[in-house]
Amino acid sequence: MKRIVQTVFLLAFTLPLFIGTCWGQSKSVTPAIDPQAEKILQALNAQKKKDIKASAEVVDTMDEVLKTGEKIQYSHVRKLKISEPKQFWIESTGDITNTTIWKDDKTFTLLDRENNVYSQVAAPGTIDETMDMLVDKYGVTTPLADLLSNDLFSVLMKNAVTCRYLGLHYADGIKCHHIAATQKNIDWQIWVVAGDVPQLRKIVITYKQRPGAPQYTAILKSFNEVPQFPVDTFTFKAPEGAKKISLLPVKKSNKKASE
């Protein structure tokens, strides 16, 4: 998983549980990938694959672990507008970043509102293609990038070692299917609204390989489909006095062809 909070939504649970008795009965092993969890994630993915126009608001928090081991939490509100397959707009307001992003049919623009500077790069592809390009070429991860993916199931499950269904639990007051998975470096939990239309409600990622195992949590506070956005919604217009700066490609180490 290359994107969002590198990038993906991802909390821990135990190793596969071995069930049996000490009286010589045959033992069974719980599946590493729970079929019920997989079915729910596939349904969510099918819903996400529909080309939609929608607006949403996400509240997220992230931990900073100090050298003393103390955890400090920072928060942001992300407002999102998306017109698949190519266009989106994200406004982030919070403790660390205050930025706005535009992606139209041709260009990706990042505006730092506090410093009134912006960068632009060519981005004629789809949302997924743009996210991959930004990470690969510029080392830029976009808030909520995985939520924008047109194949959310693959993003979540590509590196999953275990994945299990935990039952119906509440997220922000809404009854949801609760799923947890482990990967090598991160663990994740996801809450999907229980109902006729599966919808992501909450995600938690635990970065278990980092000191103090910091977490990222995002709650989808609202989601509304929109018949049509105004024509200029995804087109950047520079604020007065804004300075354009270059987005520099990341340096890649030279590797032997055999590696």
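- For the pair Leu156 and Ile190, the minimum side-chain heavy-atom distance is below 4.5 Å.
- Phe234 forms part of a hydrophobic cluster together with Trp89, Trp102, Leu111, Tyr118, Val226, Phe229, Phe236, judged by ILVMFWY side-chain heavy-atom separations under 4.5 Å.
- The heavy-atom pair separating Pro198 from Asp196 by the smallest distance is CD-O, 3.6 Å.
- Using modelled atom types, one finds no donor on one side chain facing an acceptor on the other under 3.5 Å when comparing Thr107 with Gln120.
- In terms of modelled atom types and a separation under 3.5 Å, the side chain of Gln73 and the main chain of Met62 share no donor-acceptor contact.
- The main-chain N or O of Val117 is never found under 3.5 Å from a side-chain atom of Asn115 such that the two would form a donor-acceptor pair.
- Within the 4.5 Å cutoff, side-chain heavy atoms of Glu64 are placed close to those of Leu66.
- To the nearest 0.5 Å, the span separating CG on Leu168 from NZ on Lys175 amounts to 6.0 Å.
- Of the inter-residue distances, the one linking Leu41 atom CG with Tyr165 atom OH reads 11.0 Å to the nearest 0.5 angstrom.
- Screening Thr99, Thr100, Val77 against Glu91 for a side-chain contact (heavy atoms from CB on, under 4.5 Å) leaves a single residue, Thr100.
- Each of Arg78, Lys202, Lys221 was evaluated against Asp60; a single residue qualifies, Arg78, per the salt bridge (Lys or Arg N to Asp or Glu O under 4.0 Å) test.
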Derivation of the salt bridge (Lys or Arg N to Asp or Glu O under 4.0 Å) call for Asp232 and Lys237: CA-CA 9 Å; Asp232 60 349; Lys237 182 178 179 181; over 6 Å; no
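- Between Ile101 and Thr109 there is no side-chain heavy-atom pair separated by less than 4.5 Å.
- For the pair Ile219/Val58, no side-chain contact is recorded, criterion being any heavy-atom separation below 4.5 Å from C-beta on.
- Other residues, nucleotides and ligands contribute over 12 non-hydrogen atoms within 6.0 Å of the NZ atom of Lys71.
- Counting heavy atoms from C-beta outward, His76 and Thr97 have side chains that approach closer than 4.5 Å.
- Note that the CG atom of Leu166 and the NE2 atom of His178 stand 5.0 Å from one another [nearest 0.5 Å].
- Glu225 contributes atom CD, which lies 10.0 Å from atom OG of Ser55 (distance to the nearest 0.5 angstrom).
- Side chain of Lys103 to backbone of Ala123: a donor-acceptor contact under 3.5 angstrom is found.
- Looking at Asn116 and Pro239, their side chains come closer than 4.5 Å, going by heavy atoms from C-beta outward.
- Contact detail for Val231 and Thr235: the closest heavy-atom pair is O-OG1, 4.1 Å.
- Residues Tyr138 and Val121 meet the side-chain proximity criterion, which asks for heavy atoms closer than 4.5 Å.
- To the nearest 0.5 Å, atoms NE2 (His169) and SG (Cys176) are separated by 10.5 Å.
- Looking only at distances, no side-chain donor or acceptor of Asp63 sits under 3.5 Å from a matching main-chain atom of Val65.
- Thr162 and Thr182 share a donor-acceptor pair across their side chains, judged by distance under 3.5 Å alone.
- Under a hydrophobic-cluster definition in which Ile, Leu, Val, Met, Phe, Trp and Tyr are linked whenever side-chain heavy atoms come within less than 4.5 Å, directly or via other members, Leu220 and Val193 are assigned to different clusters.
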The test is side-chain contact (heavy atoms from CB on, under 4.5 Å); show your working for Ile203 and Tyr216 and say whether it passes. CA-CA 8 Å; Ile203 60 172; Tyr216 171 84; 4.1 Å; yes
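- There is no side-chain donor-acceptor pair under 3.5 Å between Gln215 and Tyr207.
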Going through the checks in order, is the side-chain contact (heavy atoms from CB on, under 4.5 Å) test met by Ile33 and Cys163? CA-CA 5 Å; Ile33 306 298; Cys163 180; 3.9 Å; yes
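- For Ile127 against Ile82, the heavy-atom pair with the smallest separation is CD1-CD1, 3.7 Å.
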How far apart are the C-alpha atoms of Ile179 and Trp191, what are their side-chain angles, what is the distance that settles it, and do they pass the side-chain contact (heavy atoms from CB on, under 4.5 Å) test? CA-CA 6 Å; Ile179 296 168; Trp191 287 255; over 6 Å; no
Kindly indicate, with the supporting measurements, whether the criterion side-chain contact (heavy atoms from CB on, under 4.5 Å) is fulfilled by Gln42 and Ile40. CA-CA 5 Å; Gln42 287 280 23; Ile40 293 167; over 6 Å; no
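- To the nearest 0.5 Å, atom CD of residue Gln36 and atom NE2 of residue His177 are 7.5 Å apart.
- At distances below 3.5 Å, at least one donor-acceptor pair connects side-chain atoms of Lys208 with backbone N or O atoms of Gln183.
- In the hydrophobic clustering of ILVMFWY residues, with side-chain heavy atoms under 4.5 Å counting as a link, Val59 and Ile90 come out apart.
- Proximity of a side-chain donor or acceptor of Gln47 to a complementary backbone N or O of Leu44 within less than 3.5 Å is not detected.
- Under a 3.5 Å cut-off, the side chain of Asp95 and the backbone N or O of Tyr74 do not form any donor-acceptor pair.
- The backbone N or O of Arg113 sits nowhere less than 3.5 Å from a side-chain atom of Asn98 that would complete a donor-acceptor pair.
- Phe88 has its side chain within reach of Met131: a pair of non-hydrogen atoms, C-beta onward, lies under 4.5 Å apart.
- Between the side chain of Ser75 and the backbone N or O of Thr61 there is no donor-acceptor pair closer than 3.5 Å.
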